[in-house]
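Written out below as structure tokens is the structure these notes cover.
Note: hydrogens, waters and symmetry copies are ignored here, and every other heavy atom, side chains too, is used.
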There are 2 protein chains.
Amino acid sequence: MARPARVTPDRILAAAAFEFAAHGFAGARVDRIARRARVNKAMLYYYFRSKQALYHTLLRAVFTRAAERIEAIASGGGAAPDKIDRVVSTFAEFIRDHEFFPAIMLREVAEGGAHLDRQTLRALVSVPRAFFAILQEGAADGALRPVNPLVAYFAVLAPIVFYLAAGPIRREVTARRLMNLGALSADDFVRQLQDAVRRAFAQDVSARTRP
Amino acid sequence: MARPARVTPDRILAAAAFEFAAHGFAGARVDRIARRARVNKAMLYYYFRSKQALYHTLLRAVFTRAAERIEAIASGGGAAPDKIDRVVSTFAEFIRDHEFFPAIMLREVAEGGAHLDRQTLRALVSVPRAFFAILQEGAADGALRPVNPLVAYFAVLAPIVFYLAAGPIRREVTARRLMNLGALSADDFVRQLQDAVRRAFAQDVSARTRP
DNA sequence: GTCTATACCCTGATAGAC
DNA sequence: GTCTATCAGGGTATAGAC
């Protein structure tokens with residue numbers, strides 16, 4: 001049941017996601033967000049009190065949604081290495097559904113989390129928390145080597161975010177013929193990263209049970 | 001042989017690195033850069049024509065220096081897996097010498113390379129180019145598994161940059177007691193990442209010859 | 001809820017004296 | 001080479017009519 005009253009703020013949020021991802025908080029222009037959302041600028045301030053409030057709302061929504069997906073994997077069934085496979089593919093899928101996510105994630109890390117209020121930080125932290133639970137489960141039953149959880153966390157997630165965020169630069173490099181980067185679809189990247197991660201952290205690499 | 005004429009622009013560049021890393025191009029304030037460099041703002045504009053020119057100069061210098069270090073490894077001696085170990089440690093070392101680097105790198109990727117002129121892009125590209133040469137050498141002599149070079153590149157470098165850039169957020173998480181992240185020094189991170197990368201990409205993991 | 005017009009501040013950049 | 005003073009433009013935010 002569509003609530004028409006919701007559609008305007010949602011359009012604003014979608015436009016804001018695009019703008020903040022492309023230019024960062026300081027570089028984003030409220031005028032551009034309003035124009036892209038096809039609403040009047042005063043309307044934007046009517047729904048969101050300020051540029052900051054708009055940004056905070058956006059961050060909270062997106063980090064909460066991301067955390068939910070990872071938590072679902074951790075608390076679901078399956079062997080630990082398979083769960084890690086699923087973390088990789090789910091994260092990539094989440095980014096496909098939220099193209100603005102990698103850029104905003106990178107910027108927020110660079111910013112030192114300056115725009116993350118407690119609730120948002122809590123959502124963000126629940127991602128590594130869920131991931132650590134998978135690692136511990138795998139170490140306990142011998143499916144995973146015992147490794148430092150932070151190392152594993154960054155080894156798994158950083159490549160995905162970075163690779164998908166770097167798409168525009170790769171296109172620029174290719175367009176200027178500075179280097180010949182072969183074709184590599186996002187799905188292929190995911191599969192090969194799953195493979196690398198399994199070799200890096202699974203106790204028995206040959207135990208492949210990918211669907 | 002100190003050339004006093006150089007010291008002022010260098011101080012400005014150092015201050016700019018700090019400011020741009022902390023706030024990004026749009027968020028950076030020329031006034032703050034000048035104050036931090038202890039020079040008058042007019043002086044800054046005397047040496048650098050504009051905020052943009054200052055940023056470009058900084059980017060070109062830092063990416064060129066980073067590329068040099070990686071190229072030296074690729075063209076140096078040793079087995080391919082050992083070279084990859086060295087890429088990991090050298091990159092971490094480079095960041096220790098240039099603390100502002102991870103944030104600027106992340107922001108530039110998020111920006112889609114909007115501030116990278118041809119020369120800077122060329123320097124940036126020479127990093128993966130050197131890395132790919134190592135991979136090819138290793139695949140040719142059987143020391144490395146044949147893998148997609150882009151996957152390996154991002155699997156190796158993204159975790160380092162991301163992990164070191166995320167230091168401030170980790171401190172924030174710890175300070176707010178949202179999660180208990182154990183102690184992990186940068187050196188430990190490097191060693192464990194080297195280990196993970198070797199397992200992921202070396203043909204024979206047991207062939208360890210780390211100094 | 002929607003729009004126009006505008007206040008007001010911030011910031012990049014420069015003119016011009018020394 | 002160095003500094004003070006200032007301008008011009010652009011950007012967030014709001015007042016107030018409808």
Side-chain angles (χ1 to χ4, degrees), chain A residues 1-60 103-104 107-108 110-111 114-115 117, chain B residues 1-60 100 103-104 107-108 110-111 114-117:
Chain A
M1 290 295 98
R3 279 192 301 173
R6 280 268 97 195
V7 77
T8 296
D10 284 353
R11 269 224 317 276
I12 294 172
L13 277 172
F18 184 91
E19 177 74 7
F20 286 128
H23 304 283
F25 179 76
R29 296 293 165 250
V30 176
D31 280 319
R32 281 201 294 254
I33 297 174
R35 193 150 45 83
R36 171 170 278 266
R38 283 168 297 146
V39 303
N40 192 280
K41 187 166 54 160
M43 206 69 264
L44 185 153
Y45 280 101
Y46 173 77
Y47 283 111
F48 303 91
R49 297 172 163 228
S50 66
K51 184 184 178 181
Q52 273 241 5
L54 175 57
Y55 190 58
H56 281 158
T57 305
L58 173 68
L59 284 187
R60 207 175 320 150
I104 285 188
R107 289 182 195 280
E108 218 38 52
E111 215 102 334
H115 302 281
D117 54 40
Chain B
M1 305 304 289
R3 279 192 303 174
R6 281 268 97 194
V7 76
T8 296
D10 284 353
R11 269 224 317 277
I12 294 172
L13 277 172
F18 184 91
E19 177 75 8
F20 285 128
H23 303 284
F25 178 76
R29 295 293 166 250
V30 175
D31 280 316
R32 281 201 294 253
I33 296 174
R35 193 151 43 84
R36 171 170 278 266
R38 283 167 299 147
V39 303
N40 193 280
K41 186 166 58 160
M43 205 70 263
L44 185 152
Y45 280 100
Y46 173 77
Y47 284 111
F48 304 91
R49 297 173 162 224
S50 66
K51 183 184 179 183
Q52 273 239 5
L54 174 58
Y55 189 59
H56 281 156
T57 305
L58 172 68
L59 283 187
R60 208 174 321 150
F100 58 87
I104 286 189
R107 288 183 195 278
E108 218 37 53
E111 214 102 335
H115 302 279
L116 304 174
D117 54 39

Output the single nucleotide from C/dG1, C/dG12, C/dT4 whose closest atom is nearest the side chain of B/K51. C/dG12

Here's a test of your reading of the structure: between B/K41 and B/R38, which maps to the more 5' nucleotide of DNA chain D? B/R38

If only side-chain N and O atoms of B/R29 are considered, is one of them under 4.0 Å from the OP1 or OP2 phosphate oxygen of C/dG12? yes

B/L44 atom CG is separated from C/dT11 atom P, nearest whole Å, by 15 Å

Counting only side-chain N and O atoms of B/Y45, is one of them less than 4.0 Å from OP1 or OP2 of D/dG1? no

I'd like to know if the side chain of A/R107 reaches the main chain of A/A22, judged simply by a donor and an acceptor atom lying under 3.5 Å from each other, with no hydrogens or angles considered. yes

Between CZ on residue A/F25 and NE2 on residue B/H23, distance to nearest 0.5 Å: 13.0 Å

Side-chain atoms of A/V30 come closest, of D/dT12, D/dT4, C/dT4, to D/dT12

Rounded distance in Å - CG (B/D31) to P (C/dT14): 14 Å

Any donor and acceptor pair, going by atom type alone, linking the side chain of A/E19 with main-chain N or O of A/R29 inside 3.5 Å? yes

Is a side-chain donor or acceptor of B/H56 paired with a backbone partner of B/H115 at a separation under 3.5 angstrom? yes

Looking only at side-chain atoms of B/Y47, point me to the closest of D/dT4, C/dT4, D/dT2. D/dT2

Whole-Å distance between D/dT12 P and A/H23 NE2? 12 Å

Atom CG of B/N40 to atom C1' of C/dA13: distance rounded to whole Å? 13 Å

To the nearest Å, give me how far apart CZ (B/R49) and P (C/dG12) are. 19 Å

Could you give the distance from CZ (B/R60) to CG (B/L116), rounded to the nearest 0.5 Å? 11.0 Å

Indicate, with a heavy-atom threshold strictly under 4.0 Å, whether A/A28 touches base, sugar-phosphate, or nothing. sugar-phosphate

Atom pair distance, as rounded to whole Å: OH in B/Y55 and C1' in C/dG12: 17 Å

What integer distance in Å separates A/M43:CE from C/dG1:C1'? 5 Å

Between CZ of B/R35 and C1' of D/dC3 the distance, given in whole Å, is 17 Å

